[in-house]
Trainee: 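Have a look at the structure that comes next, please.
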Amino acid sequence: MPGAADGLQQLHDSITGWFAETARDLPWRDPSCSPWGVLVSEIMLQQTPVVRVLPVWHEWLERWPTPAGLAGEPAGEAVRAWGRLGYPRRALRLHAAAAAIVSEHAGKVPDTYPELLALPGVGSYTAAAVAAFAYGRRETVVDTNIRRVQARLVAGSALPAPALTAAEMRLAASLLPDDDATSVRWNAAVMELGALVCTARVPKCPACPVKDSCAWLAAGEPPPSYVPKGQAWHGTDRQVRGAVVAVLRLAEAPVPAEMFHHAPADLGFAPEGIGVPLAALHRLNPPPEQLERSLAGLLADGWQNCTTAATACLPDARRHGAAGSGASESCPGWHTFW
DNA sequence: CATTCGTGGGC
DNA sequence: TGCCCAAGAAT
C-alpha cells in the first residue's frame with residue numbers, strides 16, 4: 001500500500017514541479033488579483049482560449065474593478081464590452097451575477113461552492129474554480145483539460161467521454177492532495193498541463209513530466225473510441241445571428257431594419273462604425289426567411305428569452321430613458337434596432 | 001442526457 | 001481550405 005501512496009506523491013511532485021517552472025504568467029493567477037477578477041476570468045475562459053480573453057479581461061477589470069461597478073450599468077454595456085469573445089449570453093449572465101453579488105452578498109464575491117453555484121452563469125466547474133483559485137479552498141476542479149489528462153494518464157484512453165461522468169469526478173477527488181494550498185496548486189497545474197502539453201490534438205508527450213507513468217502512452221497511443229461531433233456553423237442561423245449581433249454591438253445610433261436587408265449603398269449613406277460587420281452580413285446573403293427568423297428571434301420574448309439573449313440588451317445600452325423596455329413598445333415588428 | 005449557444009486561430 | 005476545438009452552462 002505504501003506503493004500507491006508514493007506513486008500519488010510522485011505524481012503531485014512531478015506535475016506541480018513542472019507547473020512551477022513552466023506556468024504562464026496570467027494576471028488572474030497573481031496573488032493580488034481579486035476574487036472578482038478571478039470570477040470574470042473564469043466566465044470569459046468558458047470555451048474561449050486564454051490569448052483571446054487577456055485583452056478583454058484587462059479592459060473589464062479597469063472599467064469595472066468591482067461587481068458593483070458592473071451592476072451599476074445597463075446589461076447592454078456588458079455585451080458591448082464583451083466584444084467578440086463569443087457566446088455573448090455569458091456577458092448577460094456575468095452582469096446578472098454582479099447584480100446578485102451586490103443584492104445578496106453585499107457586493108462581495110461569495111467564497112463557498114454552493115453560493116457560487118447559485119450565481120447566473122456559474123456551473124459546477126466555475127464554482128469550484130473560483131472557490132479554489134480565489135479563496136484557496138480545496139475543491140474538486142474538473143475542466144476539459146483535467147478530464148483529458150486523467151483520461152490519458154490514468155484511464156489510458158485518447159479522449160475523455162463525451163460527457164462528464166461521475167467516475168471522472170471520483171477519480172479527480174481521489175487524486176486531489178489533502179492539503180488546501182497544495183490542492184489549489186495541483187488543480188492549476190493539471191489544467192495547465194492539459195492546456196500546454198497534453199493537448200487534444202498532437203500532444204507534446206516528450207515534454208510531459210509524467211510521460212513515464214502515462215497509461216495511454218504505455219498502451220501505444222490507441223486512437224479515440226468515438227468521433228467528436230462537429231459544431232455546425234456555416235449556413236446556420238447561428239452564423240446569421242452572429243453577423244447581426246456584430247452590427248448591433250458596434251452601432252452608435254439606431255439601426256434601421258432596412259439596413260439588414262439592403263446593402264448600405266442602397267440606402268444612400270454609409271453607416272458609421274458598422275460598415276464592416278454589415279458588409280459581412282450581406283456577404284453571407286442569407287435566405288430572407290432565415291434573416292427574418294434571426295431578427296425575430298433576437299427580439300422575441302420581451303427581450304429576455306430569445307435565442308441570443310445578449311442582443312436583447314443592446315437597445316438598453318444607449319437608451320436615455322424615454323422608450324419602453326418591451327419589444328412591443330420600442331420595436332414593433334423589429335423595425336428599428338437601437 | 002443530448003443540444004444549443006460565438007468566435008477565430010492553428011493545423 | 002476545411003475542420004477542430006477552446007478554464008462550460010443551461011435546458
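In this text the structure is predicted, and so the values were computed from the model without any measurement. Chain letters run A, B, ... following the sequence lines, proteins first and then strands; every chain starts at 1. What's counted below: heavy atoms across the whole structure, side chains too, no hydrogens, waters or symmetry copies.
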Trainee: Just to be sure I understand the rule, does S41(A) reach a base, reach only the sugar-phosphate, or reach nothing, if contact means heavy atoms closer than 4.0 Å?
Mentor: nothing

Trainee: Can you identify which nucleotide, out of dA10(C), dT7(B), dC5(B), has its nearest atom closest to the R238(A) side chain?
Mentor: dC5(B)

Trainee: To the nearest angstrom, how far is Y125(A) atom OH from dA6(C) atom P?
Mentor: 13 Å

Trainee: When clusters are formed by joining ILVMFWY residues with side-chain heavy atoms under 4.5 Å apart, either directly or through shared neighbours, do L193(A) and V154(A) land in the same one?
Mentor: yes

Trainee: Considering only side-chain heavy atoms of R241(A), which listed nucleotide, dA7(C), dC4(C), dG6(B), is closest?
Mentor: dG6(B)

Trainee: Using atom CG of N187(A) as one end and atom P of dA7(C) as the other, report the distance to the nearest whole Å.
Mentor: 15 Å

Trainee: May I ask you to say what G86(A) touches in the nucleic acid, namely base, sugar-phosphate or nothing, with a heavy-atom cut-off under 4.0 Å?
Mentor: base

Trainee: Write down the distance between CG (L92(A)) and P (dA9(C)), rounded to a whole number of angstrom.
Mentor: 17 Å

Trainee: Taking atom C1' in both dC1(B) and dA10(C), compute the distance separating them and give it to the nearest angstrom.
Mentor: 13 Å

Trainee: If you assign L45(A) and G230(A) each to the DNA chain C nucleotide with the nearest heavy atom, which residue ends up on the more 5' nucleotide?
Mentor: G230(A)

Trainee: Over all strands shown, is V51(A) touching base, sugar-phosphate only, or nothing at heavy-atom distances under 4.0 angstrom?
Mentor: nothing

Trainee: Go through the side-chain N and O atoms of Q239(A) and T236(A) and say whether any donor and acceptor fall under 3.5 Å apart.
Mentor: no

Trainee: Describe the nucleic acid contact of R84(A) in one word from base, sugar-phosphate, nothing, applying a heavy-atom distance below 4.0 Å.
Mentor: sugar-phosphate

Trainee: Go through dA7(C), dT3(B), dA9(C) for me and flag the one nearest to the N145(A) side chain.
Mentor: dA7(C)

Trainee: Taking the minimum atom-to-atom distance to the side chain of T144(A), which one of dG10(B), dA7(C), dT7(B) wins?
Mentor: dA7(C)

Trainee: D111(A) and R137(A): salt bridge (Lys or Arg N to Asp or Glu O under 4.0 Å), yes or no, with the steps?
Mentor: CA-CA 9 Å; D111(A) 63 349; R137(A) 293 187 176 276; 3.6 Å; yes

Trainee: Round to the nearest Å and state the distance from L116(A) atom CG to dA9(C) atom P.
Mentor: 12 Å

Trainee: On DNA chain B, does the nearest nucleotide to A246(A) precede the nearest nucleotide to V202(A) from the 5' side, or the other way round? Give the residue.
Mentor: A246(A)

Trainee: Need one value for L26(A): base, sugar-phosphate or nothing, where a base atom within 4.0 Å counts as base even if backbone is also close, heavy atoms only.
Mentor: base

Trainee: Nearest whole Å is fine: how far is dG6(B) C1' from H234(A) NE2?
Mentor: 13 Å

Trainee: What is the distance, to the nearest angstrom, from the CG atom on L94(A) to the P atom on dA9(C)?
Mentor: 13 Å

Trainee: Could you work out the separation of dC11(B) and dA7(C) based on their C1' atoms and round it to a whole Å?
Mentor: 22 Å

Trainee: With the side chain counted from C-beta on, respond yes when D178(A) and S183(A) share a heavy-atom pair under 4.5 Å apart, and no when they do not.
Mentor: no

Trainee: Please report, rounded to the nearest Å, how far the C1' atom of dT7(B) is from the CD atom of Q46(A).
Mentor: 15 Å

Trainee: Is the closest side-chain donor-acceptor distance between D237(A) and Q290(A) under 3.5 Å?
Mentor: yes

Trainee: Rounded to the nearest angstrom, tell me the gap between atom CZ in R90(A) and atom P in dT11(C).
Mentor: 16 Å

Trainee: Are side-chain heavy atoms of L291(A) and V240(A) found at a separation under 4.5 Å?
Mentor: yes

Trainee: Taking only side-chain N and O atoms of T48(A), does any of them lie within less than 4.0 angstrom of OP1 or OP2 on dT7(B)?
Mentor: no

Trainee: Categorize P162(A) for me: base, sugar-phosphate, or nothing, with a 4.0 angstrom heavy-atom threshold over every strand shown.
Mentor: nothing

Trainee: Taking the P atom of each, how far is dT11(C) from dG6(B), in whole Å?
Mentor: 14 Å

Trainee: Per the atom types in the model, does the base of dG8(C) pair as donor or acceptor with the side chain of S124(A) at under 3.5 Å?
Mentor: no

Trainee: So R29(A), base contact, sugar-phosphate only, or nothing? Heavy-atom distance under 4.0 Å.
Mentor: base

Trainee: With respect to the side chain of R148(A), which nucleotide from dG9(B), dA9(C), dA6(C) is positioned closest?
Mentor: dA6(C)

Trainee: Could you say whether V50(A) or L117(A) is positioned toward the 5' end of DNA chain C, judged by the nucleotide with the nearest heavy atom to each?
Mentor: V50(A)

Trainee: Quick check: on DNA chain B, is the nucleotide nearest G83(A) upstream (toward 5') of the one nearest A163(A), or the reverse? Name the residue that is more 5'.
Mentor: A163(A)

Trainee: Does one side chain, of Q46(A) or T126(A), offer a donor that lies under 3.5 Å from an acceptor on the other?
Mentor: yes

Trainee: Using a heavy-atom cut-off of under 4.0 Å over every strand shown, decide if W28(A) touches base, sugar-phosphate, or nothing.
Mentor: base

Trainee: Given dC5(B), dC5(C), dG8(C), identify the nucleotide with an atom nearest to the side chain of P228(A).
Mentor: dC5(C)

Trainee: Heavy atoms only, 4.0 Å cut-off, all strands: where does R52(A) land among base, sugar-phosphate and nothing?
Mentor: base

Trainee: Reckon I146(A) touches a base, only the sugar-phosphate, or nothing at all at heavy-atom distances under 4.0 Å?
Mentor: nothing

Trainee: Determine the sole option in E73(A), E59(A), E77(A), H95(A) for which the side chain to side chain donor-acceptor pair (under 3.5 Å) test with W64(A) is passed.
Mentor: E73(A)

Trainee: Counting the atoms with a prime plus P, OP1 and OP2 as sugar-phosphate, which does Q239(A) contact under 4.0 Å by heavy atoms, base, sugar-phosphate, or nothing?
Mentor: nothing

Trainee: Is any side-chain N or O of Q231(A) under 3.5 Å from a base N or O of dA6(C), one able to act as donor and the other as acceptor?
Mentor: yes

